[in-house]
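For reference, positions follow the sequence shown, starting with 1.
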Amino acid sequence: MKRYDSSLQAQNPISQAQNSVEKAHHAVSQALTHPTEQSVLQAQQSLAHADQSVTQSHASLNPQAVELAEEMLGEEHARLDKLLSSEQWDNHRS
């Protein structure tokens, strides 16, 4: 997971989106290491919040930062999707 220079972050739509994506990363990581219904639900909720934050950041004057946040968020969605389509998750739910 790429880290951001927090000294450069003021509370603006981009930094909020980046923070949301980072929180989603942690929630997805938790779901991957401890795949429970609760951890997966928390990851899904965190991803939904990050989706909303990234969408709101589109009004930013920094399209490169928005694109980076979108890419990172896409990676987190893919990580969770991989878990949900895995045999590990199927076995857990059985």
Between [X] and [Y], which heavy-atom pair has the shortest distance, and what is it?
X   : Y   : result
A69 : V54 : CB-CG2, 4.1 Å
R79 : S29 : NH2-OG, 3.0 Å
A65 : Q18 : CB-NE2, 4.2 Å

Evaluate the side chain to side chain donor-acceptor pair (under 3.5 Å) criterion for residues S57 and S60: first the C-alpha distance (whole Å), next the side-chain angles of each, then the deciding distance (0.1 Å), finally the verdict.
CA-CA 5 Å; S57 74; S60 165; over 6 Å; no
With rounding to the nearest 0.5 angstrom, report the [atom1] to [atom2] distance, [X] to [Y].
X   : Y   : atom1 : atom2 : result
Q45 : L41 : CD    : CG    : 4.0 Å
D81 : S86 : CG    : OG    : 11.0 Å
L83 : T33 : CG    : OG1   : 10.0 Å
E71 : L73 : CD    : CG    : 11.0 Å

Show your reasoning for whether side chain to side chain contact (heavy atoms under 4.5 Å, CB included) applies to V66 and N62.
CA-CA 7 Å; V66 173; N62 189 343; 5.7 Å; no
Under the side chain to side chain contact (heavy atoms under 4.5 Å, CB included) criterion, do V21 and Q16 qualify, and how do the steps go?
CA-CA 9 Å; V21 171; Q16 290 173 351; over 6 Å; no
Residues E70, H58; criterion side chain to side chain donor-acceptor pair (under 3.5 Å); working and verdict:
CA-CA 10 Å; E70 287 176 334; H58 283 230; 2.6 Å; yes
If you define the side chain from C-beta out and look only at heavy atoms, does anything of Q64 sit under 4.5 Å from I14?
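In short, these two side chains do not touch, never coming nearer than 4.5 Å.
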Test item: Q42 and Q38 side chains (from C-beta on) under 4.5 Å apart, heavy atoms:
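Side-chain contact under 4.5 Å: yes.
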Around H77, counting heavy atoms of other residues, nucleotides and ligands shown, do more than 12 lie under 6.0 Å from its NE2?
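Buried by this count: over 12 neighbours within 6.0 Å.
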Donor-acceptor pair, side chain of S53 and main chain of A50, under 3.5 angstrom:
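Flag not set: sc S53 to bb A50 has no pair under 3.5 Å.
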Picking from E76, E75, Q30, what satisfies side chain to side chain donor-acceptor pair (under 3.5 Å) with H25?
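When E76, E75, Q30 are each tested with H25, the side chain to side chain donor-acceptor pair (under 3.5 Å) holds only for E76.
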